[in-house]
Amino acid sequence: MITRRLAVTVAGILAGSSVLFVQPAVASPPVEKKPAEKKPVEKRPVAEGYGGAVATVDLDASEAALGILRKGGNAMDAAVAAAATLGVTEPYSAGLAGGGFIVYYDARQKKVHTIDGRETAPRAMTATSLEGIPFDDAVTSGLSAGVPGSVAQWELALRRFGTISLKEALKPAIKIASKGFTVDQTFYDQTAANADRFKDFTSTAKLYLPGGAPPPVGSTFRNPELAETYRTLGKEGGGWLYGGRLGSEVVATVKKPPVTPGSTRNVRPGLMELSDLKAYRAIERPPTKITYKGMDVYGMAPPSSGGSTVGEALKILEVLPKVGMHEYLEASRLSFADRGKYVGDIPGVPLQELLSDGFAKERACLIGERAMPHPAPAGDPDGAYGPCPAASPVQETQAPVPAEGPETTHMVVTDSWGNVVAYNITIESTGGNGIVVPGRGFLLNNELTDFTFGPAPGDPNLPAPGKRPRSSMAPTIVLDGGRPLLALGSPGGSTIITTVLQILVNRWDLGMSLPDALAAPRATQRNTAQTQAEQGFIDRYGPELTSRGHSLVLNPEIGAATAVEFLPQGRLQAVAEPTRRGGGSALVMSERR
Ligand code: GLY
């Protein structure tokens, strides 16, 4: 579902300054204006040191994680605390009504685990439930709200790998929601980009458009209702959502969104029932694993396509005699063709074959000196791989794919024991479905727009009862000789996959340092006619790539990654974005050994 999302993300942000604000029906501002000279808090994108490290998009979330580590908590405890905090300070990307994927290295077991907290379709949803619905209508609706996974994921993560209770893990978030945080340019821009739909829901306008407009940069934003929601969640546990009072309120909101009187928006109600919430489970799954240049790369298995698509592209690249940006784009193109045909939340995804050496060789054969014709057809991961197959004529046609926005978020956390968390969390679009649950201080997700709307016979990503929409989230952990070397991930819809892949290529094939690998200009090729690229990428690689048949088109900003590298002698290098999405925050426990 990448084609139409631009409307509520990048384009919305770019158009933010021209958004017309309408007075909300209810205005009770949780905002206190501060003197105009107050500057947003500075964030550092790179930190080096010892004893544990964190990188998130947000200083408050990074500090929340570090605070838990300092009190003796482990990386999983800290990651859950940071995720809950992001629900306060990055509420348009993360929240308790969203979902996500955790890839976790357990230092004691020397083993990588994953936890799938992806949202599910209600049982009443079928393959045709989204058919014919305009994408933008679905985005802002009850229909697109999936059964939330984050709370179940947090509880499972803490039970299996953590040392503290959910109540304890929620404390930093409760504090920030109560005391408030300083509105920065990113928060302002994201609110402004969403104002046109936020004003159409009384609960959302009340919270995020106090006085009818986005809270100004430098003001303090409080969310006391979310603080209270987290407090009660800590006391009552996940059952409060999965079958209890909070669950009933979520269902009521999904079925009858609180549309502002006089709004002309056609808001479709959802299909969720309390029984869907009762049935929800977070799931531990085996990770995907490939070897690349002797290193073990672990990722997220279906329902995410992150692990399989990053993994397949790396396997293809490993076969090639040299790797540069042309090869990166072509390997990505091929692995997206296979992702589209084979990967979804269905039985029998041919993961082993998609990630096999034989299939990689067969696919790599198709990469020549020039960009291959569009679209690349999917391969045949059937286990029988011979000499290079002749390129078959392409029958399909496919519309160019516009840019995806920066929705979703990613963090990395590591602790003094050597445990490592790579965690993607999302409510799908920036701002989710735009609907705050009245009185509870959080937005609902619109994750079900990640399904294929159809009609698309045979598509592995059509909706079905209880099914999880295919994700692109790609939290990734790399081990070298069985020890953690690197952990990374990014937001950005299906560009998550290419961002993670490009950072790995930058780091290993082009020999960049990790900070340079993240900062480098990006491009994303997802089996589309044109390759989207940031201006810096076009400037740097454009002439060579266009001479080789690539067509580059501007995407102003791709991804907002976070990563950590394990340097020799126990030194950690935590890295966030220097500028994308306003820059991220990297922290270490101690700068000295
Ligand atoms: N909603 C973004 C993803 O799952 O890829």
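- Proximity of F442 to V436: side-chain heavy atoms (C-beta onward) are nowhere separated by under 4.5 Å.
- In this structure, OG1 on T309 lies 4.0 Å from CD1 on I497, to the nearest 0.5 angstrom.
- Side-chain N/O atoms of D60 and T89 include no donor and acceptor closer than 3.5 Å.
- Counting all heavy atoms, side chain and backbone alike, I435 lies closest to P257 at CD1-CB, 3.8 Å.
- Of the inter-residue distances, the one linking F451 atom CZ with S129 atom OG reads 9.5 Å to the nearest 0.5 angstrom.
- Of the possible polar contacts, none joining the N424 side chain to the F101 backbone as a donor-acceptor pair under 3.5 Å is found.
- A donor-acceptor pair under 3.5 Å links the side-chain atoms of S141 to the main chain of S144, judged by distance alone.
- The distance from atom OG1 of T85 to atom CD of E90, rounded to the nearest 0.5 Å, is 11.5 Å.
- The main-chain N or O of Q532 is never found under 3.5 Å from a side-chain atom of T524 such that the two would form a donor-acceptor pair.
- The aromatic ring centres of Y208 and F221 sit less than 6.0 Å apart.
- Checking R468 against T120 by side-chain atom types alone, no donor-acceptor pair falls below 3.5 Å.
- Rounded to the nearest 0.5 Å, atoms CD (E119) and OH (Y280) are 7.0 Å apart.
- Tested against L143, the residues D137, L130, N433, L448 include a single side-chain contact (heavy atoms from CB on, under 4.5 Å) partner, L130.
- Between the CG atom of N527 and the CZ atom of F336 there is a distance of 9.0 Å, given to the nearest 0.5 Å.
- To the nearest 0.5 Å, atom NE2 of residue H410 and atom OG of residue S93 are 13.5 Å apart.
- For V103 against Y298, the heavy-atom pair with the smallest separation is CG1-O, 4.5 Å.
- Between K199 and D196, at least one side-chain N (NZ, or NE/NH1/NH2) sits under 4.0 Å from a carboxylate O, which counts as a salt bridge.
- The stretch residues 142-161 participates, sequence neighbours left out, in these salt bridge (charged side-chain N to carboxylate O under 4.0 Å, His left out) pairs: R160-E284.
- Residues Y92 and T191 have side chains that bring a donor and an acceptor to within less than 3.5 angstrom of each other.
- H113 and F161 have their aromatic ring centers within a separation under 6.0 angstrom.
- A salt bridge is absent between R470 and D345; no separation between the charged side-chain nitrogens and carboxylate oxygens falls under 4.0 Å.
- Ion pair R118/D450 flagged as a salt bridge, since at least one NZ, NE, NH1 or NH2 atom sits closer than 4.0 Å to an Asp/Glu carboxylate oxygen.
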Under the criterion salt bridge (charged side-chain N to carboxylate O under 4.0 Å, His left out), I'd like the reasoning laid out for E63 against K43: C-alpha separation, chi angles, the key distance, then a yes or no. CA-CA 11 Å; E63 283 184 326; K43 301 190 257 190; over 6 Å; no

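- Sorted pairs that involve residues 451-463 and meet salt bridge (charged side-chain N to carboxylate O under 4.0 Å, His left out), not counting sequence neighbours, are lacking altogether.
- In this model, a donor atom of one side chain and an acceptor atom of the other lie less than 3.5 Å apart for T56 and S62.
- For residues 252-261, the pairs satisfying salt bridge (charged side-chain N to carboxylate O under 4.0 Å, His left out) are K255-E273, with sequence neighbours left out.
- A donor-acceptor pair is defined here as one N or O able to donate and one able to accept, closer than 3.5 Å; such a pair exists between the side chain of S165 and the backbone of E168.
- Closest of all the heavy-atom pairs between L271 and M125 is CD1-CA, 3.9 Å.
- Under the side-chain hydrogen bond (donor to acceptor under 3.5 Å, both in side chains) test applied with S429, the options T408, N446, T449, D136 reduce to a single match, N446.
- The minimum heavy-atom distance linking G493 with S472 is given by the pair O-CB, 3.4 Å.
- Residues R245 and E236 are not paired through a salt bridge, judged by the lack of any N-O separation under 4.0 Å between the basic side chain and the carboxylate.
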